[in-house]
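Take a look at the structure below.
Given the structure is predicted, the values throughout are model-derived calculations rather than measurements. Every chain is numbered from 1 and lettered A, B, ... according to where its sequence line falls, protein lines coming before strand lines.
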Amino acid sequence: MSEITFLEAIREGITEEMERDENVFCLGEDIGAFGGAFKVTDGLHARFGDSRVIDTPIAEAGIVGAAAGAAHYGMRPVVEMQFIDFVSCAYDMLTNYVATARYRAFLPCPIVVRGPSGGYVRGGPFHSQNPEAAFLHTPGLKIAYPATAEDAKGMIKAAIRDDDPVLFFEHKYLYRRIKGTMPPGDHVVPLGVARTAREGTHLSIITYAATVWKSLEAAELLAAEGISVEVIDLRTLLPLDDSAIVATVKKTNRVLVVHEDTVTGGVGGEITARINELCFEWLDAPVRRVAAHDVPLPYAPPLEDFVLPQTSDIVRACRWLAAY
Amino acid sequence: MSEITFLEAIREGITEEMERDENVFCLGEDIGAFGGAFKVTDGLHARFGDSRVIDTPIAEAGIVGAAAGAAHYGMRPVVEMQFIDFVSCAYDMLTNYVATARYRAFLPCPIVVRGPSGGYVRGGPFHSQNPEAAFLHTPGLKIAYPATAEDAKGMIKAAIRDDDPVLFFEHKYLYRRIKGTMPPGDHVVPLGVARTAREGTHLSIITYAATVWKSLEAAELLAAEGISVEVIDLRTLLPLDDSAIVATVKKTNRVLVVHEDTVTGGVGGEITARINELCFEWLDAPVRRVAAHDVPLPYAPPLEDFVLPQTSDIVRACRWLAAY
Amino acid sequence: MATPDLNASASHGLTREQLLALYRWMRLTRTLEERLVALYRQTKVVGGLFRSLGQEGCAVGSAFALERRDVLSPLLRNLGSMLVKGAEPVEILRQYMAKGDSPTRGRELNIHFGDVEERNFVGQISHLGDMVPVMAGVTLTFKIRGEDRVGLVYVGDGATSTGAFHEGINFAAVQRCPLVVIVENNGYAYSTPTFRQTAARQFIDKAIGYGIPGVRADGNDVLDAYRVTRDAVDNARQGGGVTLIEMLTYRRRGHAEHDNQSYVQPGEIERWAATNDPIDRYVARLTGELGFTTAEVEGVDEEVRTVVDTATDQAEASPPCDGPDALRGVYVEPAAMPRLWYREGVASAVDAHERPESWGTHDV
Amino acid sequence: MATPDLNASASHGLTREQLLALYRWMRLTRTLEERLVALYRQTKVVGGLFRSLGQEGCAVGSAFALERRDVLSPLLRNLGSMLVKGAEPVEILRQYMAKGDSPTRGRELNIHFGDVEERNFVGQISHLGDMVPVMAGVTLTFKIRGEDRVGLVYVGDGATSTGAFHEGINFAAVQRCPLVVIVENNGYAYSTPTFRQTAARQFIDKAIGYGIPGVRADGNDVLDAYRVTRDAVDNARQGGGVTLIEMLTYRRRGHAEHDNQSYVQPGEIERWAATNDPIDRYVARLTGELGFTTAEVEGVDEEVRTVVDTATDQAEASPPCDGPDALRGVYVEPAAMPRLWYREGVASAVDAHERPESWGTHDV
Ligand SMILES: Cc1ncc(C[n+]2csc(CCOP(=O)(O)OP(=O)(O)O)c2C)c(N)n1
Ligand SMILES: Cc1ncc(C[n+]2csc(CCOP(=O)(O)OP(=O)(O)O)c2C)c(N)n1
Ligand SMILES: [Mg+2]
Ligand SMILES: [Mg+2]
């Protein structure tokens with residue numbers, strides 16, 4: 001078994017699910033013969049044809065709504081946002097229609113809305129977003145955000161099989177930089193379960209997506225200084241894996257939350273609140289956050305670098321926390 | 001000076017600003033001769049005419065976008081959402097276009113988007129929402145959410161004068177139930193400054209909007225038990241008044257965050273994180289949250305009552321915190 | 001008077017039973033809504049009451065063109081279409097009274113409910129326009145699967161201004177989904193007259209911009225509403241794609257019962273009531289050219305009254321909702337959300353000492 | 001050859017200087033974009049490069065119909081219109097190279113910038129359709145104030161599918177805002193051909209649904225683009241409200257430079273290049289019926305080359321952005337967002353030991 005990229009892993013996952021279940025189909029802008037802006041669906045149109053890989057007009061609310069309608073009648077739509085930044089155009093449809101369908105009307109709505117997210121790529125304010133926090137207070141949705149190629153495959157498969165709607169964020173920085181060897185067989189990684197990306201004893205970093213890699217890099221650097229850092233990759237943000245969070249807090253007693261989204265209103269707040277509620281007594285230091293500065297993400301490299309959290313930031317923050 | 005309702009206070013504030021500055025104008029659905037679904041703009045059309053009180057088509061993104069364009073060219077638009085639940089339809093326009101205008105293009109965008117929010121009114125899932133948390137991670141926006149009639153007037157005036165975009169939430173339960181006597185003269189309440197709604201010594205409730213009143217009711221009940229509760233009314237959620245939060249934590253060392261929005265992903269997480277960061281050492285107990293259960297808000301009275309935070313919940317939570 | 005031979009063109013190929021059924025659905029709609037008004041006045045309705053008075057012809061005539069396997073997406077003023085599609089009066093009453101055995105178990109209000117298993121109507125949400133993309137997806141499914149099923153979605157004149165309407169109808173048009181879109185033009189969106197909603201002369205002028213046929217119907221003539229919809233449904237069924245239908249009608253009550261319609265020109269409502277009521281018009285037609293007796297018509301009225309009476313008794317006897325049920329059914333897994341920490345072991349959410357009406361009487 | 005009398009109808013009332021200016025703006029657009037391609041290949045452009053090759057006629061001709069006080073809202077393929085409206089080549093180059101003195105100080109990319117103070121063009125965002133409501137509001141302002149100013153907004157064929165387009169144009173139409181909406185139909189939205197975007201036969205078919213006039217222009221005939229836009233602008237200025245213009249053109253390059261256009265039929269691009277290039281066509285016209293000499297045309301080419309050369313030198317010499325400037329200007333107050341706690345006193349955000357390209361090489 002050879003290594004494949006994060007992007008190829010997603011494609012492999014979608015392909016396998018389309019083979020397994022004829023109700024799975026893809027829709028989105030330019031995903032057909034063209035294979036999508038990032039080529040995630042490359043080859044699917046040739047393989048599965050016009051009615052299972054559908055090129056749509058530019059209409060995010062329309063596409064998501066159509067996916068919901070199809071899902072009510074037994075389909076399993078996988079919707080691509082060309083960039084996840086455009087999911088904002090479907091915000092009403094997702095939070096009001098899709099998320100509530102089961103609760104208010106007993107309507108099954110198993111859709112996946114996926115797309116390239118995240119920064120560090122000089123994409124500017126509208127091609128670099130991390131909108132996960134905007135959906136965190138929407139009961140009825142699930143939010144997945146994998147960091148490894150293995151998880152990308154296993155979680156997209158889990159998302160497609162999930163009986164409820166899943167937002168699936170694919171960090172575009174990882175698409176071609178991260179590789180992995182897929183476990184054999186039907187590799188499904190359940191949603192809602194976090195992963196220990198690195199074991200450690202002095203302090204814990206709780207993070208997800210691209211900053212998992214920055215955190216691992218920081219942990220490596222800190223190891224040389226004698227600071228042992230545990231890195232928890234949340235993988236799913238809704239539902240959050242409380243038990244994994246509690247376990248690492250009880251182990252190291254010091255927590256740094258790291259994410260790429262802006263600090264104010266980001267997922268870090270929710271994690272901090274849960275730690276307070278579930279294991280406050282175990283804390284030897286305040287929970288602290290390393291995240292983006294509170295500005296729209298600018299485009300020029302020196303500006304983007306300044307705004308986003310960097311490995312050196314994590315290193316400094318960990319030193320502070322270890323010394324607390 | 002006689003008492004007026006929360007709703008009349010908002011109308012008075014808008015009217016005064018329209019008189020003061022001819023660039024201020026209102027737009028929204030049914031706000032003209034009809035005066036709006038809740039009658040907030042009642043009489044304004046008769047007084048200011050067609051071009052300053054504009055009935056629009058049903059098009060929230062269109063209206064907010066139009067307001068932004070007008071604001072770039074010197075106007076001061078005040079947009080009504082018939083119910084704030086429909087602001088989700090303008091989510092893209094607000095978070096991507098409006099919020100970033102100044103930063104990315106040096107475009108002034110002084111608009112106010114206001115509307116009736118909140119539950120406890122048997123409005124069901126689409127006429128009861130508290131969408132403030134969805135905008136909290138959007139740098140460039142301000143979020144105001146007054147609890148008293150005096151603040152409703154003073155803050156709408158501040159919002160209209162603000163040189164940046166402001167989301168102004170008006171809790172519909174308060175519209176006609178809450179009254180106040182307006183201070184004389186040009187009564188402007190600055191955004192970003194919290195208010196101590198009640199002094200106390202044993203513990204602090206940090207809250208905003210309708211739950212300010214539930215918290216005050218709880219504080220009154222607890223006083224009889226000898227528990228002295230301080231109630232902080234945040235008034236503005238973006239920017240948060242960190243100094244007021246820190247001051248009350250240092251005073252009472254115990255904090256309960258109370259809000260009406262669902263607990264997961266609500267503003268409570270951000271507040272908890274800030275307390276951890278700014279004054280962790282002063283905490284004698286974990287920061288805890290009382291908020292809505294994580295479900296879409298149902299309509300039937302027993303269900304709505306069950307989901308939303310009630311006075312008795314706050315009382316119980318305070319007892320727990322005081323005994324910690 | 002002898003029953004004349006039914007003129008096939010006057011009856012649009014409908015049987016005698018069907019012709020009388022059309023009347024029954026309109027009458028049932030009106031009688032049921034009148035009962036709701038009575039219950040509303042007795043404060044037994046939770047929340048607002050939304051009437052379709054004067055619009056029963058649109059809803060009933062159009063839905064009558066569907067088969068049971070076809071899917072309907074109604075809006076607030078389409079109670080009649082839901083009845084045609086199989087909704088029971090008792091379901092409507094329980095919904096409005098927020099009963100524990102209502103179709104949504106108290107989660108959603110008024111006629112916001114559906115049944116995609118058997119009767120095939122979809123539970124709407126409040127956000128106008130959103131059902132158009134949803135129905136595009138429902139009918140896309142039928143197209144993909146080669147199922148012989150059609151969808152019908154309504155929007156008001158006001159809802160045509162929404163982006164969701166535009167995105168949905170365009171998507172369906174491009175995909176040639178078997179979908180019929182009805183613009184129910186009742187002159188107003190809440191207080192806003194149509195000329196403030198669009199500068200178009202008529203709503204069917206929008207059809208050409210989506211590359212689909214646009215047809216107008218007299219919405220207050222239930223047979224015309226039926227005929228035009230049936231043709232569009234047939235066309236969709238044969239692979240002809242989307243049709244936009246504009247039905248002309250008039251909203252004789254306010255947006256909801258509390259709306260006093262101050263914005264309506266004096267005499268306008270009365271004129272429509274006197275000269276263009278869909279039920280009156282159809283009764284005249286039934287007892288005129290269609291050859292029914294007054295007794296037949298009155299028999300329906302009588303039967304409908306009994307149905308509504310029985311349903312009312314049933315609904316009134318229905319149990320209220322049970323608080324903790326609020327936590328169930330957000331996801332398949334977990335089946336229920338957990339109680340929050342301060343609610344553990346608490347029997348009733350709202351204590352006796354809660355006095356929300358007293359808010360604001362405390363010193364600030 | 002003697003200069004013939006200019007035929008007023010052939011020149012649409014433009015002076016000789018204006019006729020030559022049209023050529024200059026098209027040539028400047030193309031030369032500037034060609035320079036950007038060179039810089040892109042040298043990896044001096046940060047991010048993608050978006051060409052308007054073959055579409056220069058639309059952008060230039062339409063913008064030429066505006067006065068300085070009028071407001072333009074361009075899109076990615078409207079570089080030409082920005083130049084006409086006063087954008088400087090050096091600004092474009094600095095934007096693409098993300099320089100510290102670029103119009104957005106490095107905040108936004110490519111031609112996403114504006115100037116509402118003097119030259120009157122508005123900085124666009126990526127989200128398609130959003131500028132239509134914004135321009136509805138800009139022109140509503142002019143209407144409210146009685147200012148003699150008009151707005152012009154472009155959308156692509158693809159962007160017409162967005163809800164924002166629909167909500168914005170409908171709002172403007174109802175309000176009779178002095179706005180011109182141009183659909184630049186270049187055959188594709190990224191890889192998606194027009195027939196997958198809409199089932200309408202032509203985009204002007206959408207106009208009637210908004211109750212506004214719809215006019216078609218040959219977008220590759222700069223004079224036709226000018227004439228049709230000017231008429232719509234005049235109409236808007238005289239209180240006639242919104243016009244929808246469809247300009248037919250063709251996108252000869254990919255969506256961005258990296259797109260290899262695998263989805264295009266063989267020969268299609270070459271055919272357009274050979275027979276329907278807006279610059280070639282206009283040169284033929286200039287040196288033909290309009291009576292310009294080849295020397296005059298070449299003189300423009302020469303001048304434009306110099307302008308672009310100078311601008312390139314200037315832009316290359318421009319300073320890069322300064323990291324901490326990223327925190328300034330989100331709000332009027334505070335003027336800058338605070339540095340986060342772990343950045344206090346830190347000189348450079350990215351340390352020497354950062355190796356983002358190494359991500360994933362650590363053990364997981
Ligand atoms: C997106 C959205 N905006 C605003 C509203 C509030 N609202 C509810 S009904 C209504 C008027 C609807 O008019 P129309 O579409 O003509 O339907 P009618 O009530 O006349 O049948 C409005 C503005 C809403 N439900 N959804
Ligand atoms: C709302 C939204 N969805 C998706 C995109 C991604 N996107 C950028 S350009 C483009 C194609 C645009 O086509 P068209 O409108 O025809 O303009 P053209 O590039 O042909 O000038 C797409 C899909 C976007 N920018 N905005
Ligand atoms: Mg209407
Ligand atoms: Mg195009």
Non-hydrogen atoms of chain D under 4.5 Å away: do they reach the side chain of [X], the backbone, both or neither?
X        : answer
A/Gln82  : side chain
A/Ala147 : neither
A/Arg289 : backbone
A/Ala317 : both
A/Val263 : side chain
A/Asp233 : neither
A/Ile314 : neither
A/Leu256 : side chain

Legend entry - Pairs of heavy atoms under 4.5 Å with chain A: top-ranked of D/Met337, D/Arg196, D/Gln197, D/Arg343: D/Arg343

Answer whether the closest heavy-atom distance between the side chains of [X] and [Y] falls below 4.5 Å.
X        : Y        : answer
A/Tyr299 : D/Arg107 : no
A/Trp320 : D/Tyr342 : no
D/Ser126 : A/His127 : yes
D/His127 : A/Phe86  : yes

Inset, instruction - Decide if atom CD of D/Gln265 counts as having more than 12 heavy atoms of other residues, nucleotides or ligands within a radius under 6.0 Å. - result: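 No, because the 6.0 Å sphere around CD of D/Gln265 holds 12 heavy atoms or fewer from other groups.
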
Can you say whether [X] sits under 4.5 Å from chain A via the side chain, the backbone, both, or neither, judging by heavy atoms?
X        : value
D/Phe195 : neither
D/Pro324 : both
D/Leu327 : both
D/Ala256 : neither
D/Thr162 : both
D/Gln95  : backbone
D/Asp259 : side chain
D/Tyr263 : side chain
D/Val46  : both

Choice from [options] maximising heavy atom contacts with chain D below 4.5 Å:
options                                : answer
A/Val307, A/Val290, A/Leu297           : A/Val290
A/Ala37, A/Ala33, A/Pro296             : A/Ala37
A/Ala149, A/Gly180, A/Ala291, A/Ala292 : A/Ala291

Out of curiosity, [X] [atom1] to [Y] [atom2], how far, rounded to the nearest 0.5 Å?
X        : Y        : atom1 : atom2 : result
A/Leu303 : D/Asp322 : CG    : CG    : 8.0 Å
D/Asp130 : A/Ser88  : CG    : OG    : 8.0 Å
A/Ile63  : D/Ser161 : CD1   : OG    : 9.5 Å
D/Trp341 : A/Arg288 : CH2   : CZ    : 4.5 Å
A/Phe126 : D/Glu108 : CZ    : CD    : 5.0 Å

Inset, instruction - Please confirm whether D/Arg339 makes a cation-pi placement over A/Phe306, using NZ or CZ under 6.0 Å from the six-membered ring centre and within 45° of the ring normal. - result: no

Legend entry - Short side-chain donor-acceptor distance under 3.5 Å, A/Asp55 and D/Thr192: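 Absent: no donor and acceptor within the cut-off.
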
Inset, instruction - Using the side-chain contact (heavy atoms from CB on, under 4.5 Å) rule, pick out the option among D/Thr160, D/Leu128, D/Asp157 that qualifies with A/Ile58. - result: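 That would be D/Leu128.
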
